[in-house]
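Nothing here was measured: the structure is a model prediction, and the numbers come from that model.
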Amino acid sequence: MRNRTHEAIGAAATLAVCAAVHSGGLVAAGAVGASLLGSRLPDADQLGSRIHRRTRLERRSLAASLAGRLLRLPMTLFAALATHRGATHWLLSAATATIALTVAAGALWPQLAPPVAIGIGCGYGAHLLADACTPHGAPLLGPVRRRRVHLLPPRCRVATGGIGDMLMLIAATVTAAALGFMVLAS
């Protein structure tokens, strides 16, 4: 799956949860923002992935650039040692990241905890489930079981950058837009 597809699926899943719990527009907006981070976290084990790239702000500001490099240093060291679709693609890692980031956000500002929990959890989880629809699958049950999980039969698996990836991107984007309107209307 391409990054855009992961992000759109994560945003759609996040907005579905926000609509189900009647979260309101402000919480939903924060949750969608957190889902973008959550949908990128599983690929922290791959150098060159979007989470390792500098942002526009980092390219324009020396202070932001230094802060960004400092914050990405642990991920860069981890990516140098890890294999892609390894430990970061376990459901246990999704739960751990969601809990850790929710606690950190709640410590900074208690009102941030719910949108961060929804966004990181949905974004990370949607990324894992989407990767389990690809030909390579994902080791969702690690470290207990290393075997990769495939959610689709072999002929239906979605190749990265293929027509299935594009169709999933379109479907997730349309779904996210419709759910966004539902959340704002409620």
Side-chain angles (χ1 to χ4, degrees), residues 1-44 49-61 64 67-68 71-72 75 88-89 91 93-134 138 140 151-152 158 160-186:
M1 295 280 159
R2 291 176 299 165
N3 285 319
R4 287 180 288 194
T5 307
H6 282 305
E7 291 166 0
I9 292 170
T14 300
L15 286 167
V17 170
C18 288
V21 300
H22 306 289
S23 67
L26 193 57
V27 170
V32 169
S35 78
L36 294 177
L37 174 62
S39 68
R40 294 175 184 178
L41 280 175
D43 287 338
S49 68
R50 187 168 279 184
I51 198 159
H52 288 283
R53 295 185 203 147
R54 293 186 319 159
T55 64
R56 182 177 294 157
L57 178 62
E58 290 174 84
R59 290 190 297 268
R60 293 182 178 172
S61 165
L71 288 172
R72 275 194 301 279
M75 284 192 306
T88 59
H89 283 69
L91 290 173
S93 297
T96 303
T98 301
I99 292 167
L101 291 170
T102 300
V103 168
L108 291 174
W109 190 31
Q111 288 81 4
L112 275 179
V116 167
I118 293 169
I120 296 293
C122 290
Y124 205 122
H127 182 118
L128 298 185
L129 295 177
D131 276 356
C133 294
T134 65
L140 301 178
L151 297 179
L152 296 174
V158 179
T160 300
I163 188 74
D165 193 347
M166 186 186 314
L167 291 174
M168 287 182 83
L169 172 63
I170 292 167
T173 303
V174 170
T175 302
L179 288 167
F181 284 121
M182 285 177 54
V183 168
L184 291 175
S186 63

Between Ala94 and Leu128, what is the shortest heavy-atom contact and its length?
CB-CD1, 3.9 Å
Rounded to the nearest 0.5 Å, what's the gap from OG on Ser35 to CD1 on Ile9? Could you check?
11.5 Å
Under the criterion side chain to side chain contact (heavy atoms under 4.5 Å, CB included), I'd like the reasoning laid out for Ile118 against Cys18: C-alpha separation, chi angles, the key distance, then a yes or no.
CA-CA 8 Å; Ile118 293 169; Cys18 288; 4.1 Å; yes
If you define the side chain from C-beta out and look only at heavy atoms, does anything of Arg50 sit under 4.5 Å from Asp43?
no
In Å, rounded to the nearest 0.5 Å, how long is the span from CE of Met168 to CD1 of Ile163?
13.0 Å
To the nearest 0.5 Å, how far apart are OG1 in Thr175 and CD1 in Ile170?
11.5 Å
Quick one: do Glu7 and Arg40 make a salt bridge, cutoff under 4.0 Å?
yes
In a table with atom names and distances, give each donor-acceptor pair under 3.5 Å that connects a side chain of residues 105-115 to protein atoms at least two apart or in another chain.
residue, atom, partner, partner atom, Å
Trp109, NE1, Gln111, OE1, 2.8

Where the side chain of Thr102 meets the backbone of Thr98, is there a donor-acceptor pair that is under 3.5 Å apart?
yes
Determine the minimum heavy-atom distance between Ala31 and Thr14, stating which atoms define it.
CB-CG2, 3.5 Å
How far does CZ of Arg4 sit from CE of Met166, to the nearest 0.5 angstrom?
9.0 Å
Between Thr88 and Pro42 (side chain of the first, backbone of the second, donor and acceptor by atom type, cut-off under 3.5 Å), is there such a pair?
yes
Nearest heavy-atom pair of Val32 and Ala11: which atoms, and what distance?
CG1-CB, 4.3 Å
Above 12 or not: heavy atoms from other molecules or residues under 6.0 Å from CE of Met182?
no
Please find the pair of heavy atoms, one from Asp131 and one from Thr134, that lie closest to each other, and give the distance.
O-OG1, 2.6 Å
Donor-acceptor contact present, side-chain His6 to main-chain Ala126, <3.5 Å
no
So Ile51 and Leu37, do their side chains get closer than 4.5 Å, heavy atoms only?
yes
Over 12 foreign heavy atoms within 6.0 Å of CZ, Arg2
yes
Is there a donor-acceptor pair closer than 3.5 Å between any side-chain N or O of Ser61 and the backbone N or O of Glu58?
no
On a heavy-atom basis, the closest approach of Val158 and Gly164 is CG1-C, 3.5 Å
To the nearest 0.5 Å, what is the distance between CG on Asn3 and OG on Ser39?
7.5 Å
I need the Leu179 CG to Leu184 CG distance, nearest 0.5 Å.
11.0 Å
Contact between Leu101 and Leu41 at the side-chain level, heavy atoms closer than 4.5 Å - yes or no?
yes
